[in-house]
Amino acid sequence: MSVAGLKKQFYKASQLVSEKVGGAEGTKLDDDFKEMEKKVDVTSKAVTEVLARTIEYLQPNPASRAKLTMLNTVSKIRGQVKNPGYPQSEGLLGECMIRHGKELGGESNFGDALLDAGESMKRLAEVKDSLDIEVKQNFIDPLQNLCEKDLKEIQHHLKKLEGRRLDFDYKKKRQGKIPDEELRQALEKFEESKEVAETSMHNLLETDIEQVSQLSALVDAQLDYHRQAVQILDELAEKLKRRMREASSRPKREYKPKPREPFDLGEPEQSNGGFPCTTAPKIAASSSFRSSDKPIRTPSRSMPPLDQPSCKALYDFEPENDGELGFREGDVITLTNQIDENWYEGMLDGQSGFFPLSYVEVLVPLPQ
């Protein structure tokens, strides 16, 4: 950094300290600017939280949610991938129904119905895939671009404006000691930054109809999904009703027990039904079988060193979805990431996965 740059940093730091500690008055921005800045801040918070909640709405399962966040939109548009790359819960249910329907066979009413329902669930999964991709492309991606580009750019302009304001105020307080030309340049730079920040905020707020358009795309995708889902479920309901009508119209088969075959017990040879009595071998008493001995405990799983983020399991957790990490009460799990306020990601015995926060006690928290 040049000498002039170091001097400018010193000026800004000195002015900031005098305002924070000494109560010095700085140059005030007009009310219109402050109101605009407040609206931009509210917009930024709204977009950030709506994005997080939309991803959570599409995929409540944290493992699938993490994959949805990494979904490559460009490859979807080009048709390189036809599904999001993670299983939908409807698809998993459909595969389960089809598997058991085949095991029950074609002579089972329940088996045939499971096959019908399973195929419908798989169709629902395909429709859900389309919803996820559509919402990602037309709602999530544009809002993420808004956060990463427009809002980030506004924050940069505001930060630059604050730095130039501090520099100008420092030189204004020392008018006479600092050359007039330097003070004039500081004022021009401050006003220039204010105009740039004001323009960028104005453009964002005046074009918020784009966010309305993106919200409309979200609703259209949901409508299309629900229409197709209703059609699939209506067809399934009609199939099941038809099966019930056909089953009720068929004559019921009566159960006729087979005649029992005579069973000759023969002459009893011994009192215990023909098996020779043997005396159970006596087990010699040893120190390892005394009643006073304590039961031997199985060794616990390897514990990670407590100098790294970790937690202790309060209860057993059986994973129900792909990507979840199972553990037993007392296990110590290494923490690697916090997905949201309810789920952690961690490692245990070389296995990595997600688990609920309510099942564990944090021993060493993750760094902030």
Quick one: [atom1] on [X] to [atom2] on [Y], what's the gap to the nearest 0.5 Å?
{"X": "Asp167", "Y": "Gln185", "atom1": "CG", "atom2": "CD", "value": "10.5 Å"}
{"X": "Phe139", "Y": "Gln222", "atom1": "CZ", "atom2": "CD", "value": "9.0 Å"}
{"X": "Ile178", "Y": "Lys172", "atom1": "CD1", "atom2": "NZ", "value": "12.5 Å"}
{"X": "Leu223", "Y": "Ser216", "atom1": "CG", "atom2": "OG", "value": "9.5 Å"}
{"X": "Ile55", "Y": "Arg53", "atom1": "CD1", "atom2": "CZ", "value": "11.5 Å"}
{"X": "Thr54", "Y": "Leu143", "atom1": "OG1", "atom2": "CG", "value": "7.5 Å"}

Among residues at least two apart in sequence or on other chains, which ones pass side chain to side chain contact (heavy atoms under 4.5 Å, CB included) with [X]?
{"X": "Glu238", "answer": "Arg242, Arg245"}
{"X": "Glu191", "answer": "Leu187"}
{"X": "Asp41", "answer": "Lys45"}

Would you sort out whether Arg165 and Thr27 count as a side chain to side chain donor-acceptor pair (under 3.5 Å), showing the intermediate values?
CA-CA 7 Å; Arg165 181 195 68 77; Thr27 300; 5.3 Å; no
Pair [X] + [Y]: basic N to acidic O under 4.0 Å:
{"X": "Asp30", "Y": "Lys194", "result": "yes"}
{"X": "Arg243", "Y": "Asp116", "result": "yes"}
{"X": "Lys160", "Y": "Glu192", "result": "no"}
{"X": "Glu37", "Y": "Lys34", "result": "no"}
{"X": "Lys173", "Y": "Asp169", "result": "no"}
{"X": "Arg123", "Y": "Glu235", "result": "yes"}

Walk me through whether Thr43 and Asp208 qualify under side-chain contact (heavy atoms from CB on, under 4.5 Å).
CA-CA 9 Å; Thr43 301; Asp208 63 350; over 6 Å; no
Begin with the C-alpha distance, continue with both residues' side-chain angles, and end with the deciding distance and a verdict on side chain to side chain donor-acceptor pair (under 3.5 Å) for Asn109 and Glu246.
CA-CA 10 Å; Asn109 290 323; Glu246 291 173 356; over 6 Å; no
Evaluate Glu134 against Tyr225 for side-chain contact (heavy atoms from CB on, under 4.5 Å), listing each step before the verdict.
CA-CA 10 Å; Glu134 189 75 18; Tyr225 164 73; over 6 Å; no
Does some side-chain heavy atom of [Y] sit less than 4.5 Å from a side-chain heavy atom of [X]?
{"X": "Phe355", "Y": "Cys311", "value": "yes"}
{"X": "Ile154", "Y": "Val40", "value": "yes"}
{"X": "Pro309", "Y": "Pro367", "value": "yes"}
{"X": "Met347", "Y": "Ile333", "value": "no"}
{"X": "Asp129", "Y": "Gln88", "value": "yes"}
{"X": "Tyr344", "Y": "Leu366", "value": "yes"}
{"X": "Trp343", "Y": "Pro356", "value": "yes"}
{"X": "Pro319", "Y": "Leu325", "value": "no"}

Would you check, one step at a time, whether the test salt bridge (charged side-chain N to carboxylate O under 4.0 Å, His left out) holds for Asp331 with Lys312?
CA-CA 6 Å; Asp331 285 347; Lys312 184 177 181 181; over 6 Å; no
Looking only at heavy atoms, what is the nearest atom pair of [X] and [Y], with distance?
{"X": "Leu51", "Y": "Cys147", "value": "CD1-SG, 4.2 Å"}
{"X": "His157", "Y": "Ser200", "value": "CD2-OG, 3.7 Å"}
{"X": "Val135", "Y": "Leu58", "value": "CG1-CD1, 3.8 Å"}
{"X": "Met36", "Y": "His202", "value": "SD-N, 3.6 Å"}
{"X": "Leu161", "Y": "Ala197", "value": "CD2-CB, 4.5 Å"}
{"X": "Thr207", "Y": "Gln211", "value": "O-OE1, 3.9 Å"}

For Phe317, which residues count as a ring pair (Phe, Tyr, Trp, His ring centres under 6.0 Å) partner, sequence neighbours excluded?
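Applying ring pair (Phe, Tyr, Trp, His ring centres under 6.0 Å) to Phe317 gives Phe327, Tyr359.
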Tell me whether Leu131 shares a hydrophobic cluster with Leu215, the cluster being built from Ile, Leu, Val, Met, Phe, Trp, Tyr side chains joined at under 4.5 Å.
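Yes, Leu131 connects to Leu215 through the hydrophobic network.
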Could you state whether Leu166 and Val196 fall into the same hydrophobic cluster, counting links through intermediate Ile, Leu, Val, Met, Phe, Trp or Tyr residues with side-chain heavy atoms under 4.5 angstrom apart?
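Different clusters.
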How about Glu320: does its CD atom have over 12 heavy atoms from other parts shown lying under 6.0 Å from it?
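Result for CD/Glu320: open.
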Backbone N/O of [Y] and side chain of [X]: donor-acceptor pair under 3.5 Å:
{"X": "Ser213", "Y": "Ile209", "result": "no"}
{"X": "Asp340", "Y": "Asn342", "result": "yes"}
{"X": "Arg328", "Y": "Asp316", "result": "no"}

Could you pull out every donor-acceptor pair under 3.5 Å between side chains of residues 90-104 and any protein atom, sequence neighbours left out?
{"residue": "His100", "atom": "ND1", "partner": "Glu103", "partner atom": "OE1", "Å": "3.3"}

Tell me which pairs pass salt bridge (Lys or Arg N to Asp or Glu O under 4.0 Å) where either residue lies in residues 210-234, with sequence neighbours left out.
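Qualifying pairs: none.
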The test is salt bridge (charged side-chain N to carboxylate O under 4.0 Å, His left out); show your working for Glu126 and Lys122 and say whether it passes.
CA-CA 6 Å; Glu126 292 175 1; Lys122 291 182 73 173; over 6 Å; no
Indicate whether any N or O donor in one side chain lies under 3.5 Å from an N or O acceptor in the other, for Asn321 and Glu324.
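Yes, Glu324 and Asn321 have a side-chain donor paired with an acceptor closer than 3.5 Å.
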Side-chain donor-acceptor pair under 3.5 Å between Asn138 and Gln214, yes or no?
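Absent: no donor and acceptor within the cut-off.
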Give the intermediate values and the outcome of side-chain contact (heavy atoms from CB on, under 4.5 Å) for residues Leu183 and Phe168.
CA-CA 7 Å; Leu183 179 61; Phe168 168 67; 3.9 Å; yes
Do Gln338 and Glu345 pass the side-chain contact (heavy atoms from CB on, under 4.5 Å) test, and can you show the C-alpha distance, the side-chain angles, and the key distance before you say yes or no?
CA-CA 6 Å; Gln338 183 167 0; Glu345 181 180 11; over 6 Å; no
